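Here the structure is a predicted model, which is why all the values come from computation and not from measurement.
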Amino acid sequence: MHHIVHAIRSVCRNPVWAVLLASMAWPLAASAACTGKLAAMQAYAGNYVGDKNLLAAPAVAARLQQLPTALRQHLERNLDVAGPIDLIGCSLVLRGNAPHQGPGENAIVSVNLYSGAVTVAIHSRGHTDIYLDQDPTAGSGYAAVPDPVRQWAVLADMGFPYQQPASVRVHAPPR
């Protein structure tokens, strides 16, 4: 054990090795910065909705306005108890559930920072409805559903990630 500690101390005294070790320890998120239409929104990652309301951000709110009012209210209710906003790949992801209704009433919002597309999914009464935004690079139907939303839907339905679960309905963006 003493030899290992001595080796680490000697390596860290050498400035070349110290810089090399420091660069390897640099956070991966910094090196994998996202670019695109909404790249500046990366600052939302790690925050809670109470600190930075992702749903009220102008780019997201404009897309959510395309949903009927009752659906937006259902989404907000099903995100009332939410964890921190995650950065997965180049997408901000917010998951939550309605108070005291855990796995029965929950929702997810995925914001693609590169394309600007917003995907919303609401799980309610045994069914999951996914609302796709216009993302020309994503394809159509279930294949266009971003991976974080698809994986979430699989957990809500107890299905398989690349097969559309029977309880999942995919809604194309309004034209």
Side-chain angles (χ1 to χ4, degrees), residues 23 25-98 105-124 127-157 159 161-165 168-175:
S23 68
W26 199 269
L28 292 176
S31 65
C34 298
T35 61
K37 294 179 180 181
L38 302 179
M41 290 183 65
Q42 288 180 78
Y44 282 75
N47 289 286
Y48 288 83
V49 172
D51 300 326
K52 287 200 173 189
N53 190 348
L54 181 65
L55 303 179
V60 176
R63 287 173 174 81
L64 294 179
Q65 287 297 320
Q66 297 173 4
L67 297 173
T69 302
L71 189 60
R72 279 195 318 273
Q73 291 171 343
H74 193 179
L75 172 68
E76 290 175 11
R77 186 175 50 254
N78 281 16
L79 288 171
D80 194 50
V81 180
I85 300 166
D86 293 321
L87 180 62
I88 301 173
C90 278
S91 293
L92 292 173
V93 178
L94 174 64
R95 299 175 198 88
N97 60 269
E105 291 287 331
N106 45 39
I108 185 171
V109 174
S110 174
V111 180
N112 185 311
L113 299 177
Y114 180 76
S115 70
V118 176
T119 302
V120 170
I122 300 172
H123 179 249
S124 180
H127 292 283
T128 302
D129 288 291
I130 299 174
Y131 300 89
L132 295 173
D133 195 5
Q134 194 88 23
D135 183 355
T137 64
S140 63
Y142 195 66
V145 176
D147 280 341
V149 176
R150 188 180 303 173
Q151 291 168 3
W152 175 88
V154 167
L155 289 175
D157 189 68
Y162 296 101
Q163 296 175 359
Q164 182 172 344
V168 174
R169 300 174 288 217
V170 179
H171 305 273
R175 302 234 181 241

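For the pair Leu87 and Leu113, the minimum side-chain heavy-atom distance is below 4.5 Å. Residues Leu55 and Val49 fail the side-chain proximity criterion, which asks for heavy atoms closer than 4.5 Å. Residues Trp152 and His123 have side chains in contact (heavy-atom distance under 4.5 Å, counting atoms from C-beta outward). Taking 4.5 Å as the limit, every side-chain heavy atom of Tyr48 sits out of range of all side-chain heavy atoms of Ile85. The shortest side-chain heavy-atom distance between Val60 and Met41 falls under the 4.5 Å cut-off.
The two residues Ala121 and Thr128 come nearest to each other via the heavy atoms CB-CG2, 4.4 Å. Here the shortest heavy-atom pairing between Val149 and Ser110 reads CG2-CB, 3.5 Å. Heavy atoms only, all atoms of each residue included: Ser124 and Glu105 are closest at OG-OE2, 2.6 Å. Considering all non-hydrogen atoms of both residues, Cys34 and Gly89 come closest at SG-O, 3.6 Å.
In this structure, the side chain of Arg95 does not engage the main chain of Asn106 through any donor-acceptor pair within 3.5 Å. A distance-only check finds no donor-acceptor pair linking the side chain of Gln65 to the backbone of Ala62 [under 3.5 Å]. The backbone N or O of Ala98 lies less than 3.5 Å from no partner atom in the side chain of Arg77, so there is not a single donor-acceptor pair. Formation of a donor-acceptor pair under 3.5 Å by the Asp133 side chain with backbone atoms of Ala117 is not found in this model.
Between Leu71 atom CG and Tyr131 atom OH the span is 4.5 Å, to the nearest 0.5 Å. Between the NE2 atom of His74 and the CG atom of Leu67 there is a distance of 12.5 Å, given to the nearest 0.5 Å. Between atom CD1 of residue Ile122 and atom CZ of residue Arg72 there is a gap of 11.0 Å, rounded to the nearest 0.5 Å. Put simply, OG on Ser115 and CG on Leu38 are 8.0 Å apart, with the number rounded to the nearest 0.5 Å. Separation of atoms CG (Leu92) and OH (Tyr44) is listed at 9.0 Å; rounding is to 0.5 Å. Here CG of Leu79 is found 5.0 Å from CG of Leu94. Values are rounded to the nearest 0.5 Å.
By the side-chain hydrogen bond (donor to acceptor under 3.5 Å, both in side chains) test, His171 pairs with Asp129, sequence neighbours left out.
Between Val118 and the options Leu54, Val111, Leu132, Asn112, a side-chain contact (heavy atoms from CB on, under 4.5 Å) holds for only Val111.
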